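Every chain is numbered from 1 and lettered A, B, ... according to where its sequence line falls, protein lines coming before strand lines. A quick note: this is a predicted structure, and the numbers were derived from the prediction, not measured.
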Protein chains: 2
Amino acid sequence: MKPPSARSRRHPFDAEQLLREAGLKATSPRIALLRALHAAARPLSAAALHASVGGDADVVTLYRNLEVFAAQGLARRIEGREGHALYECVDDTHTHHHHVTCTVCGRMEDVELCVPPRVLEEVSKKARFAEIQDHVIELYGICAACQASLTKIRP
Amino acid sequence: MKPPSARSRRHPFDAEQLLREAGLKATSPRIALLRALHAAARPLSAAALHASVGGDADVVTLYRNLEVFAAQGLARRIEGREGHALYECVDDTHTHHHHVTCTVCGRMEDVELCVPPRVLEEVSKKARFAEIQDHVIELYGICAACQASLTKIRP
DNA sequence: TTGACAAATGCAAGTTATTTGCGTTTACTA
DNA sequence: TAGTAAACGCAAATAACTTGCATTTGTCAA
């Protein structure tokens, strides 16, 4: 039914090497975490990641590493709507993008829309910002599946 | 030095009436909170709002009311980057907009950019969403003032 | 290979932001 | 102006992280 995942890989994913390239020690909690992030189809919470790496890392280590990964550009932190952060992998197969989230079931999809560079320039001029370094766009709506089940209940 | 605030008002701001129009009891904690939100130039944290209303509301009441206000469309909750939520007023003088935040000093400015309707349509089609109800755009950068002081230290 | 050493880890114990339970008070309505 | 549901405030609980510190572990140079 589904098309093959965009995450299918030609080369095996080498977490250890990625870590060393980023100047980080390749410890087993880090390897497990990076693999979990890479394998995830969508941004995950710290709790979900902890469950996913199983006994391979203490929660504290996990938080510390998520911070390190974000600083090194291996992962990206996004603020979910439920008051906790979500993390996603940043690599060749996961380039800059944004999200749509279903407000009913919480499912997230990547979307390609982005802020055009000239708009960023305009904003930085108007708001007197020397530089715009980063941005986040989050869309919220109701996915087709949830809409369908809502309609059943209350047409 | 500064141009007159966009928040200058022709009519006095009637918190009680706004509350009743929203179907809410006009209690003094609510009136104080709504006034504080209305008077704020930028989104405020729950802590800042609590400080701002002084003894006029317990923190718990404040949280409960922020939730109620958000549900009634009197206020909007946005997820700050520091792990706590920020709240801002929604009224005639505070219509739909987004923010740029200085990553050095934390100052926020409103910006006018938005996602064009046809992009939303396109996204909802591609991502199989029945409807896109809401969206958030947050820009991050360095404001002119912070850039200036950074340059002084490390040109 | 080894062995020194900084970096990274894991517990335990904090913090901070926000929520829940519950008895009391208060604004609205008849 | 009395009755009542809604809103309040206090205390205590929870969730999401963070910090301190003693212990372990990759790395790198010998």
Side-chain angles (χ1 to χ4, degrees), chain A residues 14-37 43-72 74-88 106, chain B residues 14-37 43-72 74-88 106:
Chain A
D14 190 343
E16 298 196 29
Q17 178 164 337
L18 280 171
L19 287 167
R20 292 207 194 87
E21 278 170 9
L24 301 173
K25 277 195 186 177
T27 64
S28 78
R30 282 184 180 163
I31 295 165
L33 175 57
L34 195 48
R35 287 207 183 117
L37 283 167
L44 296 179
S45 65
L49 284 164
H50 188 224
S52 163
V53 300
D56 283 341
D58 188 84
V59 214
V60 176
T61 302
L62 198 127
Y63 275 111
R64 286 199 267 237
N65 282 328
L66 286 169
E67 202 183 325
V68 171
F69 286 10
Q72 298 309 313
L74 289 171
R76 193 161 79 112
R77 174 192 169 121
I78 63 189
E79 306 298 330
R81 261 198 171 176
E82 303 82 28
H84 57 250
L86 300 175
Y87 300 86
E88 68 185 348
Chain B
D14 189 342
E16 298 196 29
Q17 178 165 337
L18 281 171
L19 287 167
R20 290 205 194 88
E21 278 170 9
L24 301 171
K25 277 194 186 178
T27 64
S28 77
R30 282 185 179 162
I31 295 164
L33 175 57
L34 194 48
R35 286 207 182 118
L37 283 166
L44 297 178
S45 65
L49 284 164
H50 188 224
S52 164
V53 301
D56 283 341
D58 186 83
V59 215
V60 176
T61 302
L62 198 128
Y63 276 109
R64 285 198 267 237
N65 281 330
L66 285 170
E67 200 183 326
V68 171
F69 286 10
Q72 298 310 314
L74 289 171
R76 193 162 79 111
R77 174 192 170 124
I78 63 189
E79 305 298 329
R81 262 198 171 178
E82 304 82 30
H84 56 250
L86 301 174
Y87 301 84
E88 69 185 347

- [ ] Sequence neighbours left out, what passes side-chain contact (heavy atoms from CB on, under 4.5 Å) with B/A22? Give chain and number order.
- [x]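 B/A22: side-chain contact (heavy atoms from CB on, under 4.5 Å) contacts with B/L24, B/Q72, B/L74.
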
TODO: Return the set of residues passing side-chain contact (heavy atoms from CB on, under 4.5 Å) with B/Q17 (not counting sequence neighbours), or none when no residue passes.
DONE: B/D14, B/E21

Open item on the list: Near DNA chain D, counting only heavy atoms under 4.0 Å, which residues of residues 22-30 of chain B show up?
Closed with: B/K25, B/T27, B/P29, B/R30

Donor-acceptor pairs under 3.5 angstrom involving side-chain atoms of residues 43-60 of chain A: please list them, not counting sequence neighbours.
{"residue": "A/S45", "atom": "OG", "partner": "A/A48", "partner atom": "N", "Å": "3.1"}
{"residue": "A/H50", "atom": "NE2", "partner": "A/A57", "partner atom": "O", "Å": "3.0"}
{"residue": "A/D58", "atom": "OD2", "partner": "A/V60", "partner atom": "N", "Å": "2.9"}

Task: Test item: A/Y87 and A/I78 side chains (from C-beta on) under 4.5 Å apart, heavy atoms - done: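 They are not in contact (no side-chain heavy atoms under 4.5 Å apart), so the answer is no.
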
Open item on the list: Applying side chain to side chain donor-acceptor pair (under 3.5 Å), can you list everything that pairs with B/E79, at least two apart in sequence or on another chain?
Closed with: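 For B/E79, the residues satisfying side chain to side chain donor-acceptor pair (under 3.5 Å) (neighbours in sequence not counted) are B/R77.
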
- [ ] Please list, chain by chain and in numerical order, all residues satisfying side chain to side chain donor-acceptor pair (under 3.5 Å) with B/R35, sequence neighbours excluded.
- [x]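 B/R35 satisfies side chain to side chain donor-acceptor pair (under 3.5 Å) with no other residue.
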
Task: Length of the CG-P vector between B/L66 and D/dC8, whole Å - done: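 About 11 Å, once rounded to whole Å.
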
Task: Length of the CG-C1' vector between B/D56 and D/dG9, whole Å - done: 14 Å

- [ ] Return the 5'-most residue of the pair A/N65, B/V59 with respect to DNA chain C, ranking by each residue's nearest nucleotide.
- [x]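 Final value for this comparison: A/N65.
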
TODO: Specify the angle, to 10°, made by the local axes at the two ends of the helix from C/dT1-D/dA30 to C/dA30-D/dT1 when five pairs are taken at each end.
DONE: 40°

Task: Span of DNA chain C in contact with chain A (heavy atoms, under 4.0 Å) - done: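 Contacts span C/dA6 to C/dA12, reading 5' to 3'.
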
- [ ] Kindly say whether, by distance alone, the side chain of A/R20 makes a donor-acceptor pair under 3.5 Å with the base of D/dG26?
- [x] no

Polar pairs (N or O, both sides) under 3.5 Å between protein and nucleotides 11-13 of chain D?
none

- [ ] Quick one: pull up NZ in A/K25 and CD1 in A/I31 and give me the separation to the nearest 0.5 Å.
- [x] 12.5 Å

TODO: Please name the residue in the list A/L34, A/T27, A/L33 that meets the side chain to side chain contact (heavy atoms under 4.5 Å, CB included) test with A/L19.
DONE: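 Between A/L19 and the candidates, side chain to side chain contact (heavy atoms under 4.5 Å, CB included) is satisfied uniquely by A/L34.
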
Open item on the list: Regarding A/A47, tell me which of base, sugar-phosphate or nothing describes its non-hydrogen contacts under 4.0 Å with the strands shown.
Closed with: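 Result for A/A47 = nothing.
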
Open item on the list: Considering only residues two or more places apart or on different chains, which pairs with a residue in residues 60-71 of chain A satisfy side chain to side chain donor-acceptor pair (under 3.5 Å)?
Closed with: A/R30-A/N65

